[in-house]
Amino acid sequence: MNYVSVGDMAQSYQLRRHGAQLKTVMTQLTEEVMTGVKQDAAKAVAGNFGPLAAIDRSLSMIEAYDLSAKEAGLRAAGMQSALGLMQESAADLGTGLLAWSGATNPQPVQAALADAAQRFEAVISALNTEVAGRHLFSGAASDTRPVADTGTILTALSAEIAGLTSATAIKTAVLTWFDAPRGAGGFLDIAYAGSDASSGAVQIAEGERLSLDLTLASPGLRQTLGGFAIAALVGHGMVPQDDDLRADLAQAAGERLLSAESALVSFRADLGVAEAAIDDARTRNSAEKSSLELARAELIGADPYESATALQAVETQLETLYTLTARLSALSLADYL
């Protein structure tokens with residue numbers, strides 16, 4: 001039998017090279033076991049990356065749609081919360097003011113008016129809410145807080161009603177200020193810093209776009225704020241200190257708040273429809289994503305059992321190689337002789 005001898009240096013090089021190859025294979029198999037994806041994608045698709053690229057692109061698009069839908073859902077929920085607080089405050093305060101406007105005992109009326117000032121501040125704070133760095137009711141100017149604080153609003157209104165001595169004149173001046181169009185020196189010019197235009201539609205699914213276009217420029221919201229403002233003016237003592245006038249204004253504020261409730265209900269209903277559309281879109285996105293991931297796994301997915309079996313075989317080979325290397329390294333001339 002003929003033997004081919006290998007020098008020590010060549011033998012050492014062969015052992016190192018074989019060990020490096022085994023380590024590379026073991027790393028690849030470990031990744032396959034952990035990720036469930038074949039490391040050699042080119043071999044898995046036989047060099048045809050077209051279908052895989054199309055699936056990856058669709059998955060990226062779905063992730064983008066779902067992110068937009070998620071953000072839209074957060075915005076819609078924030079708007080619902082703010083409008084819910086506004087509606088609840090308007091209903092409670094409006095009912096209370098109408099019930100107490102004709103009371104002979106001034107204490108309940110004073111308590112209701114003090115509550116009106118606090119509720120006005122709470123409503124303004126809720127309308128200035130921002131989600132993910134975007135203000136909810138500013139329209140296209142989502143980086144800007146939509147409405148000024150109550151102090152600014154009441155100061156402007158105080159100037160509007162200066163010198164007026166009748167409840168009707170004061171009520172008309174306040175509501176006209178809130179209803180005034182752009183350029184008339186009213187709410188939209190002095191207290192509203194947002195945009196009249198909506199923030200635009202976002203795509204939440206393939207072929208489906210959604211717009212949350214409610215802003216504080218909406219007449220319905222301005223009408224409600226007008227009712228709160230009338231009550232707050234009386235509560236802060238910014239109207240003539242006449243009991244009958246104050247009672248008439250309290251009644252006017254209560255009527256305004258209750259009449260504006262239908263607009264708030266309509267706004268919240270529209271938001272509910274939008275929230276349902278967002279939920280449906282996210283459900284469809286999730287189902288399509290799962291389907292695409294299954295298709296991707298069929299193309300480049302690694303069988304867990306096969307990968308684990310191959311990994312164990314490579315580990316055994318590597319251990320055997322280390323054992324042989326150790327024995328060869330331990331040979332000496334004395335042992336040979």
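Computation of the quantities below employed the complete heavy-atom set of this structure, encompassing side-chain atoms and omitting hydrogens, waters and symmetry-equivalent molecules.
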**Item:** Point-to-point distance, once rounded to the nearest 0.5 Å, from CD of E206 to CZ of R284
**Value:** 10.5 Å

**Message:** With a 4.5 Å cut-off on side-chain heavy atoms, are I55 and L59 touching?
**Reply:** yes

**Asked** Considering all heavy atoms of both residues, which atom of A156 and which atom of I190 are nearest to each other, and what is their separation?
**Response** CB-CG2, 4.2 Å

**Asked** What is the distance from atom CD1 of I124 to atom CZ of F228, rounded to the nearest 0.5 Å?
**Response** 9.0 Å

**Request:** Starting from the C-alpha separation in whole Å, work towards a yes-or-no answer on side-chain contact (heavy atoms from CB on, under 4.5 Å) for D92 and R119.
**Result:** CA-CA 10 Å; D92 291 346; R119 286 181 181 270; 3.8 Å; yes

**All pairs passing side-chain hydrogen bond (donor to acceptor under 3.5 Å, both in side chains) where residues 51-63 contributes a residue, at least two apart** = D56-R296

**Request:** Using a strict cut-off of less than 4.0 Å between a Lys/Arg side-chain nitrogen and an Asp/Glu carboxylate oxygen, indicate whether D179 and R256 qualify as a salt bridge.
**Result:** yes

**Item:** Donor-acceptor pair, side chain of T155 and main chain of G151, under 3.5 angstrom
**Value:** yes

**Any donor-acceptor N or O pair under 3.5 Å, side chains D149, T152** = yes

**Message:** With heavy-atom distances below 4.5 Å as the criterion, would you say the side chains of L225 and L127 are in contact?
**Reply:** yes

**Asked** So how far is it from E71 CD to L212 CG, rounded to the nearest 0.5 Å?
**Response** 10.0 Å

**Request:** Would you please test T129 and H135 for side-chain contact (heavy atoms from CB on, under 4.5 Å) and show each step?
**Result:** CA-CA 6 Å; T129 299; H135 290 278; over 6 Å; no

**Request:** Kindly give the heavy-atom pair with the smallest separation between S198 and D213, and that separation in Å.
**Result:** CB-CB, 3.2 Å

**Message:** Count I, L, V, M, F, W, Y as connected when their side-chain heavy atoms are under 4.5 Å apart, and connections chain through other members. Are W177 and M238 then in the same cluster?
**Reply:** yes

**Request:** Answer whether the closest heavy-atom distance between the side chains of T165 and D242 falls below 4.5 Å.
**Result:** no

**Test item: T172 and L164 side chains (from C-beta on) under 4.5 Å apart, heavy atoms** = no

**Complete:** Distance col, row I204:CD1 vs L67:CG, nearest 0.5 angstrom, shows 13.0 Å

**Prompt:** If we only count heavy atoms from C-beta on, is the N128 to P146 side-chain gap below 4.5 Å?
**Reply:** yes

**Request:** Quick one: do M86 and L221 satisfy side-chain contact (heavy atoms from CB on, under 4.5 Å)? Show the steps, please.
**Result:** CA-CA 9 Å; M86 193 176 193; L221 295 183; 4.0 Å; yes

**Fill in**
Residues G94 and L257: closest non-hydrogen pair is N-CD1, 4.0 Å

**Request:** For the pair N285 (side chain) and A205 (backbone), establish whether a donor and an acceptor sit closer than 3.5 Å, ignoring hydrogens and angles.
**Result:** no

**Prompt:** Is the backbone N or O of G220 less than 3.5 Å from a side-chain atom of T224, with the two atoms forming a donor-acceptor pair by type?
**Reply:** yes

**Complete:** Residues V234 and R246: closest non-hydrogen pair is O-NH1, 3.2 Å

**Prompt:** Rounded to the nearest 0.5 Å, what separation is found between the CG atom of L157 and the NE2 atom of H236?
**Reply:** 11.5 Å

**Request:** Evaluate the ring planes of F187 and Y192, with Trp represented by its six-membered ring, and classify them as parallel (under 30°), tilted (30 to 60°) or perpendicular (over 60°).
**Result:** parallel

**Asked** Hey, are the side chains of I170 and D248 touching, using non-hydrogen atoms and a 4.5 Å cut-off?
**Response** no

**Message:** Quick one: does any side-chain atom of S125 pair with a main-chain N or O of E121 as donor and acceptor, under 3.5 Å?
**Reply:** no

**Item:** Single-linkage hydrophobic cluster, 4.5 Å side-chain cutoff, Y65 and L74 together
**Value:** no

**Message:** Is any side-chain heavy atom of L210 closer than 4.5 Å to one of S68?
**Reply:** no

**Asked** Taking the side chain from S142 and the backbone from S138, do they hold a donor-acceptor pair closer than 3.5 Å?
**Response** no

**Request:** For residues D143 and R134, determine if any side-chain heavy atom of one lies less than 4.5 Å from a side-chain heavy atom of the other.
**Result:** no

**Prompt:** Between atom CE of M79 and atom OG1 of T215, what is the distance when rounded to the nearest 0.5 Å?
**Reply:** 8.5 Å

**Request:** Taking all non-hydrogen atoms of both residues into account, name the closest pair between I153 and A148 and its distance.
**Result:** CD1-O, 3.8 Å

**Prompt:** Closest approach of A231 and L97, non-hydrogen atoms and distance?
**Reply:** CB-CD1, 3.9 Å

**Request:** Go through F120 and L233 one step at a time and tell me if the side-chain contact (heavy atoms from CB on, under 4.5 Å) criterion holds.
**Result:** CA-CA 10 Å; F120 189 30; L233 283 170; over 6 Å; no

Under 3.5 Å, which donor-acceptor pairs do the side chains of residues 263-281 form with other protein atoms, sequence neighbours left out?
from, atom 1, to, atom 2, distance (Å)
R268, NE, Q80, OE1, 3.0
R268, NH1, Q87, OE1, 3.0
E275, OE1, Q80, NE2, 3.3

